[in-house]
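Keep in mind the model is a prediction, meaning the values are calculated, not measured.
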Amino acid sequence: MFQPVTFTPPSSVDGIAAGLSSSLDAIGSTLATGAGRLSSLGGAPSAPVPGLNGMGDMRGQATGMFAEPVPYLAVTPYQRGVGQHRGEHAYLTPTGAIRAVGTRLGDMPSLTTDGLPGMDTGLVLVVMAAPDAGRFATSLQRFNAVMPLVELQQAQRRAGALATLEEDKFKVPPAPGYPAWGKASPRRGATGRATDVALGAQLALGEGHEAATASPLERLQGFATRQAATMQRRRADLASLGSSMTGTDPGWFGIYLEGLVAEVARLLVRFVPPLDDAFKCCAAVCWYGRRQQVAYYKEAFGLRNPLEGVL
């Protein structure tokens, strides 16, 4: 029932971006046409830009995915009451991590009475397992590079320190050189800060007069040019974010389930994880909320509902 986890650009985000593409192209061509007609003082086109009728639906879809916070739970072997502790080290198997998540889900009845529709809820569970602390730290580093969580970052530092603990005991840290270099800024002093404010006010006044000397035609043409450049930058930023969502690990696996808290918790303990207890360093992260809230995480990890068409 569990599936391998690989970071994947969410398909919902790509769908919204594709829907916006035609509208943004229409806006760009409209601005270009308007700027050309301004040269002959014909004015900007008054016809509405095609393709903008569905903006409200796309905004609502994006708001449901990103604006509303979704409850999550992170389980690591270094938390009190989780896993087995032996001296400085701590261990947690995949089965123990999934069982810990299932137990905590049973302790969250408020999720079913806090405005969440009964069957409109979903759960995304991702498990990261490794046979030793060194590879566990590497696995967490790969995950945190794309989707950092405070609990996993703390576990990464702890695992990395434990992996080299015996070697670090025999290392002498280098002493810093004195006198040490520092950084100073004129704005830290009262005189420098006041000078900066007075000079900035004069510059703003001069820039305002300079902008006022431009003709209305030049201002409108400059606005069209800036808008076109802004749209290109926004597209490039979104494409860059999508390409950065890459990474996987042999010890990553996850599952997506839908239903009430009690049902999901009962199903989790029934499923057998694909990795056995030899992977004794393990962490798990669980997101639970409305389907639309957890859709981003489901798609980002490339998961699907294994029970779809079965139950």
Check: Can you check whether S11's main-chain N or O pairs, donor with acceptor, with E299's side chain at less than 3.5 Å?
Finding: yes
Notebook entry, point to check: What is the minimum heavy-atom distance between M147 and A300, and which atoms define it?
Noted result: CE-CB, 4.2 Å
Next item on the list: Say whether, by atom type as modelled, one donor and one acceptor occur between the side chain of T121 and the main chain of G259 under 3.5 angstrom.
Entry: yes
Checklist line | Approximate separation, where rounding is to 0.5 Å, of L162 CG and D132 CG | finding: 11.5 Å
Check: Judged by atom type as modelled, is there a donor-acceptor pair below 3.5 Å linking the side chain of Y288 to the main-chain atoms of Y72?
Finding: no
Notebook entry, point to check: Looking at side-chain heavy atoms only, is the closest gap between L152 and V285 below 4.5 Å?
Noted result: yes
Checklist line | Least distance between heavy atoms, A90 atom then P77 atom | finding: CB-O, 3.2 Å
Item checked: V294 versus G122, closest heavy-atom pair with distance -> CG1-O, 3.8 Å
Checklist line | Rounded distance (nearest 0.5 Å) linking atom CZ of R104 with atom SG of C286 | finding: 10.5 Å
Next item on the list: Determine whether E88 and L165 make a side-chain contact, defined as any pair of heavy atoms from C-beta on separated by less than 4.5 Å.
Entry: yes
Next item on the list: For residues P9 and G242, report the shortest heavy-atom separation together with the two atoms involved.
Entry: CG-O, 3.2 Å
Check: In a check of side-chain contact (heavy atoms from CB on, under 4.5 Å) between L105 and each of V264, L125, V269, L73, which one passes?
Finding: V264
Note to self: I'd like to know if the side chain of Q232 and the backbone of A229 have a donor-acceptor N/O pair within less than 3.5 Å.
What the structure shows: no
Notebook entry, point to check: So, are R266 and E263 salt-bridged, with charged N and O less than 4.0 Å apart?
Noted result: no
Note to self: Any side-chain to backbone donor/acceptor pair from T8 onto T6? Under 3.5 Å, distance only.
What the structure shows: yes
Next item on the list: Run the salt-bridge test on D249 and R142 with the 4.0 Å N-O cut-off and return the result as yes or no.
Entry: yes
Note to self: Do V127 and I98 have side chains that approach each other closer than 4.5 Å (heavy atoms only, starting at C-beta)?
What the structure shows: yes
Next item on the list: Using the rule that two of Ile, Leu, Val, Met, Phe, Trp, Tyr join whenever any of their side-chain heavy atoms come within less than 4.5 Å, decide whether V146 and V70 are in one cluster.
Entry: yes
Check: Does the T103 side chain pair with the main chain of R99, one donor and one acceptor, at a distance under 3.5 Å?
Finding: yes
Checklist line | Qualifying residue for ring pair (Phe, Tyr, Trp, His ring centres under 6.0 Å) with F301, from F2, W287, F253, W252 | finding: W287
Notebook entry, point to check: Between the main-chain N or O of E207 and the side-chain N or O of E210, is there a donor-acceptor pair closer than 3.5 Å?
Noted result: no
Check: What distance separates R233 CZ from S240 OG, expressed to the nearest 0.5 Å?
Finding: 14.5 Å
Notebook entry, point to check: Okay, side chain of T230, backbone of R226: is any donor-acceptor separation there less than 3.5 Å?
Noted result: yes
Note to self: Quick check: closest heavy atoms across P173 and K171, and the distance to 0.1 Å?
What the structure shows: CD-O, 3.6 Å
Check: Taking the side chain as C-beta and beyond, is there a heavy-atom pair between P10 and Y297 under 4.5 Å?
Finding: no
Next item on the list: With rounding to the nearest 0.5 Å, note down the distance linking CZ in R270 to CG in L267.
Entry: 6.0 Å
Note to self: I'd like to know if V75 and Y91 are part of one continuous hydrophobic network [Ile/Leu/Val/Met/Phe/Trp/Tyr, side-chain heavy atoms within less than 4.5 Å].
What the structure shows: no
Notebook entry, point to check: So L303 and V5, side chain to side chain contact (heavy atoms under 4.5 Å, CB included) or not? Walk me through it.
Noted result: CA-CA 7 Å; L303 298 177; V5 169; 4.2 Å; yes
Notebook entry, point to check: In terms of side-chain geometry, is the basic nitrogen of D196 or R193 positioned less than 4.0 Å from the acidic oxygen of its partner?
Noted result: no
Margin query: Whether the Y256 and E258 side chains hold a donor-acceptor pair (N or O, under 3.5 Å, no angle test) is what I'd like checked.
Written below: yes
Margin query: Go through it in stages, so that I can follow the logic: the residues are L241 and M245, the test is side chain to side chain contact (heavy atoms under 4.5 Å, CB included), and I'd like the CA-CA distance, side-chain angles, deciding distance and then a yes or no.
Written below: CA-CA 7 Å; L241 289 173; M245 292 194 66; over 6 Å; no
Checklist line | Aromatic centroids of F7 and F143 separated by under 6.0 Å | finding: yes
Note to self: Can you tell me how far apart CG (N144) and CD (E151) are? Round to the nearest 0.5 Å.
What the structure shows: 10.0 Å
Next item on the list: Return yes if some donor-acceptor pair links the side-chain N/O of T93 with the main-chain N/O of G96 below 3.5 Å, else return no.
Entry: yes
Margin query: Looking at every heavy atom in both G102 and A265, which two are closest together, and how far apart are they?
Written below: O-CB, 3.6 Å
Checklist line | Flag, side chain of Q84 to backbone of L92, donor-acceptor distance under 3.5 Å | finding: no
Check: Do Q154 and R157 come within less than 4.5 Å of each other through their side chains, counting heavy atoms only?
Finding: yes
Next item on the list: Nearest 0.5 Å please: distance from the CG atom of L268 over to the CD1 atom of I255.
Entry: 6.5 Å
